[in-house]
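For the numbers below, each heavy atom of this structure counts, side chains included, while hydrogens, waters and symmetry mates do not.
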Amino acid sequence: MISRLRTVAAVAGAALLLTAGCGADGGGAGAPAVPADAPPALRTLIEAAQKEGELTWYSVPAENIAKSVSDDFAKKYGIQVKFIRLTSSDLAQRFAAEAESGKPAADLFVGSYTPFVAQALSKGWTVKLADARIPGYPNGFPGTYLLPDDGTAVIQIQPTGIAVNSQQAGDAIKDWPDLLDPKWKGKIILVDPRTSAAYTPFWNLIVKEHGEEFLTKLKAQQPIVASGAAPATQQLAAGEAAIVMPAVQSIAEDLKSKGAPVAYVQPPASTGPEIVPGLAAKAAHPNAARLFVHYLMSQEGNKRLNALPGSGSPLDPSSLPARYAFNRELTGTPAERVHALLGLAEETS
């Protein structure tokens, strides 16, 4: 039976509210000048956004990345920016509750591509990017990253891999099947797939590559179950296991930079969280939200959004693993079956 690793946190799933920059209210004297070479439609949008003077957004990308893009956007356009960092499931719940009330607090979200994105559009909570009059949309993005039916586009990809304790595993792990070696029994931390629908495509990738028997063999390895990639990798750094799967490179690299015995392995076959923007249909600052999407899809903004190691940019396909598979291509094994095969069906989240 798989045992659960319980993490200690002051507030589970807490959101962090930060502000970035203070632009001039209403696009006054303190606001940066509109670039003289800006196309007319973009110039008009910038001026309208500066009159609104502020922007609030919900972010699944990490706090440091959300702050970086917020600060840069605020400096560039003189617009006050606030963000709240949330997990994928918490973002969906919060945005849905506020949208149903008719008073969304966020002008947009930047979150994982899950069924919630289509649900939000179908309920009228968001508007399609293609219909939002965003100047230059889709900003030169390759068609494979556009999701017209869901009204959005993939602006960031975080390929999934394996984190290892370098003192325990060394360089023994190269690919997913290496995790099934009996010597790793009881030494694997499994990130709980029940915590977010964003994990389902990953497990469909594993089934596609290695069959359902991989999941039952992994269950026999008696992994520890963690509530998320961050606490799992912290436990790894503390020496409580040898391996974390699925892992996030940015988390592993951050701990490694602080001296922890952690390394990251990127198998050639991978998928991962695909990050998309959703414009609130009843945004308090609709022009600032549209301008922010324009910024995130520009060369400048997208580069800043994808500055951390392990973050793939649609504008730089070489940043992705050799056999990356899009989430929308990975279906067939429902989440409930994945949970059952891993021995998680009878446990509570």
Side-chain angles (χ1 to χ4, degrees), residues 59-62 64-69 72-73 76 88 110-114 117 129 134 136-148 150 152-164 166 171 173-178 198-199 201-206 208-210 229 233 244-257 262-277 292-331:
S59 173
V60 162
N64 54 345
I65 285 295
K67 186 176 188 304
S68 177
V69 297
D72 190 59
F73 180 81
K76 184 178 181 68
S88 177
V110 178
S112 300
Y113 178 54
T114 67
V117 175
L129 299 187
I134 298 171
Y137 181 83
N139 295 60
F141 267 47
T144 52
Y145 295 91
L146 303 180
L147 305 169
D150 296 316
T152 190
V154 176
I155 58 175
Q156 181 189 72
I157 292 175
Q158 298 177 346
T160 296
I162 305 165
V164 300
S166 52
D171 59 357
I173 304 298
K174 303 293 186 184
D175 205 347
W176 305 113
D178 296 333
Y199 288 114
F202 165 74
W203 288 105
N204 269 271
L205 171 82
I206 295 298
K208 177 183 177 182
E209 291 283 323
H210 306 292
T233 313
V244 166
M245 76 149 322
V248 178
Q249 184 174 356
S250 60
I251 297 173
E253 295 289 349
D254 180 60
L255 290 172
K256 182 179 179 180
S257 71
V262 174
Y264 179 81
V265 178
Q266 182 60 73
S270 181
T271 189
E274 296 171 359
I275 304 302
V276 302
F292 192 55
V293 172
H294 178 275
Y295 164 80
L296 292 176
M297 295 184 72
S298 70
Q299 286 282 353
E300 175 188 0
N302 199 255
K303 182 176 180 179
R304 188 171 290 270
L305 178 67
N306 294 296
L308 286 181
S311 182
S313 168
L315 300 178
D316 180 15
S318 67
S319 61
L320 296 175
R323 301 206 317 272
Y324 182 83
F326 284 96
N327 287 188
R328 60 184 177 272
E329 300 169 351
L330 298 167
T331 59

Any chance you could measure [X], atom [atom1], to [Y], atom [atom2], to the nearest 0.5 Å?
{"X": "Lys256", "Y": "Ser166", "atom1": "NZ", "atom2": "OG", "result": "7.5 Å"}
{"X": "Lys174", "Y": "Gln266", "atom1": "NZ", "atom2": "CD", "result": "13.5 Å"}
{"X": "Tyr264", "Y": "Ile173", "atom1": "OH", "atom2": "CD1", "result": "13.5 Å"}

With sequence neighbours excluded, residues passing side chain to side chain donor-acceptor pair (under 3.5 Å) with Tyr199: none

For Asn327, all residues meeting side chain to side chain donor-acceptor pair (under 3.5 Å), sequence neighbours excluded: Thr271, Glu274

Exam field: side chain [X] to backbone [Y], donor-acceptor pair closer than 3.5 Å:
{"X": "Ser313", "Y": "Leu315", "value": "yes"}
{"X": "Asp178", "Y": "Asp175", "value": "yes"}
{"X": "Ser68", "Y": "Ile65", "value": "no"}

Test log, rule side chain to side chain contact (heavy atoms under 4.5 Å, CB included), inputs Arg328 and Leu147: CA-CA 10 Å; Arg328 60 184 177 272; Leu147 305 169; 3.3 Å; yes

Closest heavy-atom pair and its distance - [X], [Y]:
{"X": "Pro277", "Y": "Val293", "answer": "CB-CG2, 4.2 Å"}
{"X": "Gly312", "Y": "Leu320", "answer": "CA-CD2, 3.9 Å"}
{"X": "Gln156", "Y": "Pro61", "answer": "OE1-CG, 3.9 Å"}
{"X": "Thr233", "Y": "Ala229", "answer": "OG1-O, 2.6 Å"}
{"X": "Leu129", "Y": "Ala153", "answer": "CD1-N, 3.9 Å"}
{"X": "Gly310", "Y": "Pro159", "answer": "O-CD, 3.1 Å"}

Taking the side chain as every heavy atom from C-beta outward, state whether [X] and [Y] have any pair of such atoms under 4.5 Å apart.
{"X": "Phe73", "Y": "Leu296", "value": "no"}
{"X": "Tyr145", "Y": "Ile155", "value": "no"}
{"X": "Val60", "Y": "Gln158", "value": "no"}
{"X": "Val154", "Y": "Ile275", "value": "no"}
{"X": "Pro314", "Y": "Asn302", "value": "yes"}
{"X": "Arg323", "Y": "Ser270", "value": "no"}
{"X": "Ile162", "Y": "Val244", "value": "no"}
{"X": "Met245", "Y": "Trp176", "value": "yes"}

Chi angles and distances behind the side chain to side chain contact (heavy atoms under 4.5 Å, CB included) call for Ser88, Thr114: CA-CA 9 Å; Ser88 177; Thr114 67; 4.0 Å; yes

Worked check of side chain to side chain contact (heavy atoms under 4.5 Å, CB included) between Tyr137 and Leu146: CA-CA 11 Å; Tyr137 181 83; Leu146 303 180; 4.0 Å; yes

Distance-only polar pair, side chains of Asp150 and Tyr113, donor-acceptor under 3.5 Å: yes

Criterion salt bridge (Lys or Arg N to Asp or Glu O under 4.0 Å) on Glu329 and Lys208, from CA distance to verdict: CA-CA 11 Å; Glu329 300 169 351; Lys208 177 183 177 182; 5.5 Å; no

